[in-house]
2 protein chains.
Amino acid sequence: MSLEVEPIIRSSLSKQVADQLQEAILEGSLKADDRLPTEEELSKRFQVSRPTIREALKRLAAKNLIRSRRGPTGGTFVNHLGADELSDHLTTAATLFVSMNQISLSEIAHTRLELESLCCQLACQHRTDEDLTRLETELERQRDINISPEEFCSADVSFHRAIAEASHNRMLSFVMYTLIEALQPVANMITFHFRERDIIISQHERLLQAIRDQNRVTAVEVIKEQVNYLSSLHDEARENHARKQQRD
Amino acid sequence: MSLEVEPIIRSSLSKQVADQLQEAILEGSLKADDRLPTEEELSKRFQVSRPTIREALKRLAAKNLIRSRRGPTGGTFVNHLGADELSDHLTTAATLFVSMNQISLSEIAHTRLELESLCCQLACQHRTDEDLTRLETELERQRDINISPEEFCSADVSFHRAIAEASHNRMLSFVMYTLIEALQPVANMITFHFRERDIIISQHERLLQAIRDQNRVTAVEVIKEQVNYLSSLHDEARENHARKQQRD
DNA sequence: TAATTTATATTTGTATGACAAATTAACTTT
DNA sequence: AAAGTTAATTTGTCATACAAATATAAATTA
């Protein structure tokens with residue numbers, strides 16, 4: 001008996017379409033801000049129904065690869081992906097990874113310490129005037145006593161992102177983004193009181209000064225101090241959380 | 001005139017549904033391997049049509065958060081995401097980031113050098129017998145002269161992953177995974193010849209011995225040597241590539 | 001009886017057609 | 001000329017039907 005079978009297709013049509021489109025984007029045949037054909041047109045070309053096309057497009061939208069707008073000049077467009085645009089994507093991955101693997105805070109703190117030390121050293125070497133200005137701006141936001149705890153958290157994140165970018169190593173920035181995003185939920189467990197805000201801000205001020213002076217040693221010292229301080233706050237928050245749960 | 005308007009909803013229904021489900025997964029109310037209600041049931045609960053529910057599910061499927069199977073015992077299930085399961089997700093993000101941002105190889109090499117040095121130091125401290133055995137196994141795979149260049153590349157990746165995991169810092173492993181995945185396409189530009197394979201393998205042997213001896217200094221030295229060696233190969237490959245393009 | 005085959009029910013996958021909503025361009029009216 | 005109106009285009013949503021896969025139970029056969 002001769003055996004000449006067609007290749008078995010296990011993945012769904014919408015997945016196959018999504019993969020082809022993604023490939024086109026990665027390959028470069030679909031460049032940033034290019035407009036895809038309309039859904040009807042795509043369904044004709046791929047010989048599948050519009051709902052199937054739509055499912056495929058939603059897959060890509062979930063990855064932030066495309067965006068859609070209604071209307072005559074609307075349609076579906078290829079996104080230009082920078083670090084910011086990818087952070088959504090990374091947040092999911094990193095947050096899930098941290099929450100589902102029960103990674104200890106000490107592991108996170110250790111990794112962050114080392115990575116951020118590296119960022120600071122490079123920032124001391126390569127920081128430009130623009131970097132310094134941005135750091136000052138972010139610091140000013142933190143000094144506002146009227147902002148909510150959530151806003152303070154986000155200002156803190158922005159400050160550390162700015163440090164990462166001051167390193168002028170985009171690969172390192174990318175990795176640091178992942179780490180910062182992964183830490184965000186943990187950071188939100190803490191509600192910074194005024195006294196704690198003051199301490200954080202003072203650390204940031206010294207850090208900024210060290211980067212301005214291109215003093216690597218001091219910069220690394222301050223980072224170490226802050227990571228340790230945050231770790232102690234985290235432990236406290238965790239204990240409070242545990243006590244609260246016991247009462248329920 | 002009093003102003004009491006309903007909140008404006010800009011995102012589509014399918015996105016809202018997807019976000020709610022994702023939140024449930026992240027929050028923990030939907031645990032790994034839990035089965036979601038059927039699509040019909042979901043469409044009743046969310047008060048939207050089934051195609052809309054499906055678009056939402058495809059969004060989550062694109063993020064590898066869920067999987068679906070047909071049939072009576074089928075349905076949609078929550079994925080248990082470990083490091084391996086996330087690599088697909090990361091590969092997209094990291095590859096896109098590297099390719100669309102034209103990150104220089106020196107930036108990548110520098111970041112990798114620092115991160116992998118850190119891995120090695122921790123591996124020296126915390127490596128177990130199982131870690132050593134795994135490293136030996138991976139090394140054995142590389143020694144096989146019959147494997148293809150692609151297989152050699154993948155064996156190399158596995159070796160470096162094993163080092164990352166020997167650090168026993170899961171956060172660092174996760175970050176290192178991202179970096180390794182991002183580098184994969186670049187690594188594939190090179191076709192390792194026998195002489196180059198020998199050099200790589202010898203470096204790996206010395207690295208393994210250093211980790212076995214818990215000799216941090218030597219381990220870091222070898223890593224530095226290898227990263228520099230790979231950088232030179234990359235430069236060569238890039239030049240060849242450029243020459244080839246000129247001829248076309 | 002035991003193994004195999006056949007129905008059957010369940011659930012996701014796909015197709016078709018229609019209408020709603022948003023948005024721009026052209027047109028009309030004042 | 002400015003403002004409002006209409007029409008056209010494109011994504012967003014809905015309803016319904018059927019196809020395909022797959023496990024369970026019933027029926028058939030050796």
Side-chain angles (χ1 to χ4, degrees), chain A residues 5-22 24-25 30 32-80, chain B residues 5-22 24-25 30 32-80:
Chain A
V5 292
E6 300 251 322
I8 302 172
I9 311 276
R10 293 190 180 281
S11 58
S12 67
L13 288 182
S14 70
K15 175 141 181 53
Q16 293 179 54
V17 172
D19 286 344
Q20 282 196 44
L21 290 175
Q22 173 170 327
I25 294 174
L30 280 174
D33 289 328
D34 274 1
R35 190 189 133 155
L36 302 181
T38 67
E39 297 177 349
E40 201 168 3
E41 177 65 24
L42 285 172
S43 78
K44 264 188 224 158
R45 291 212 206 160
F46 283 100
Q47 292 284 325
V48 296
S49 69
R50 190 153 88 91
T52 302
I53 290 290
R54 283 185 60 78
E55 287 179 12
L57 292 178
K58 292 319 153 202
R59 294 178 116 109
L60 299 183
K63 297 184 185 177
N64 254 309
L65 288 177
I66 57 172
R67 61 184 182 280
S68 294
R69 245 186 21 243
R70 284 194 269 208
T73 63
T76 304
F77 301 85
V78 179
N79 275 338
H80 46 305
Chain B
V5 292
E6 298 252 320
I8 302 172
I9 310 277
R10 292 191 180 282
S11 59
S12 67
L13 287 182
S14 69
K15 174 142 182 54
Q16 293 178 55
V17 171
D19 286 344
Q20 282 195 45
L21 290 175
Q22 174 171 327
I25 294 174
L30 280 174
D33 289 328
D34 274 1
R35 191 189 135 155
L36 301 179
T38 67
E39 296 178 348
E40 200 169 5
E41 177 65 25
L42 284 172
S43 79
K44 264 187 224 158
R45 292 214 204 158
F46 282 101
Q47 290 283 322
V48 295
S49 70
R50 190 154 89 93
T52 302
I53 290 290
R54 282 186 60 79
E55 286 181 12
L57 292 178
K58 292 318 156 203
R59 293 180 118 107
L60 299 183
K63 297 185 186 176
N64 254 310
L65 288 178
I66 55 172
R67 63 184 182 279
S68 293
R69 247 188 17 246
R70 285 194 269 211
T73 62
T76 305
F77 300 85
V78 179
N79 274 339
H80 48 306

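All of these numbers come straight from a predicted model, not from anything done at the bench. What you see below is based on every heavy atom in this structure, not just the backbone, and it leaves out hydrogens, waters and symmetry mates. Lettering follows sequence order; numbering is per chain, from 1.
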Nucleotides 12-18 of chain C: protein proximity per nucleotide (B base, S sugar-phosphate only, - neither; heavy atom, under 4.0 Å): BBBBB-B
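- Sorted by first and then second residue, the salt bridge (charged side-chain N to carboxylate O under 4.0 Å, His left out) pairs with a member in residues 38-47 of chain A read Glu39(A)-Arg50(A), Glu39(A)-Arg54(A), Glu41(A)-Arg45(A); sequence neighbours excluded.
- We find that CD of Glu41(A) is positioned 11 Å from P of dT11(D), with the value rounded to whole Å.
- Evaluation of the side-chain hydrogen bond (donor to acceptor under 3.5 Å, both in side chains) rule for Thr52(A) yields Ser49(A) as partners, not counting sequence neighbours.
- Here Ser68(A) pairs with Thr76(A) under the side-chain hydrogen bond (donor to acceptor under 3.5 Å, both in side chains) rule; sequence neighbours left out.
- Applying the salt bridge (Lys or Arg N to Asp or Glu O under 4.0 Å) criterion to Asp19(B), with sequence neighbours excluded, gives Lys15(B).
- Between Thr73(B) and Pro72(A), the residue anchored closer to the 5' end of DNA chain C is Thr73(B), taking for each the nucleotide with the nearest heavy atom.
- Residue pairs meeting the salt bridge (charged side-chain N to carboxylate O under 4.0 Å, His left out) criterion with at least one partner in residues 67-77 of chain B, sequence neighbours excluded, are Asp33(B)-Arg67(B).
- Taking atom CZ on Arg67(A) and atom C1' on dG12(D), their separation rounds to 18 Å, with Å as the unit.
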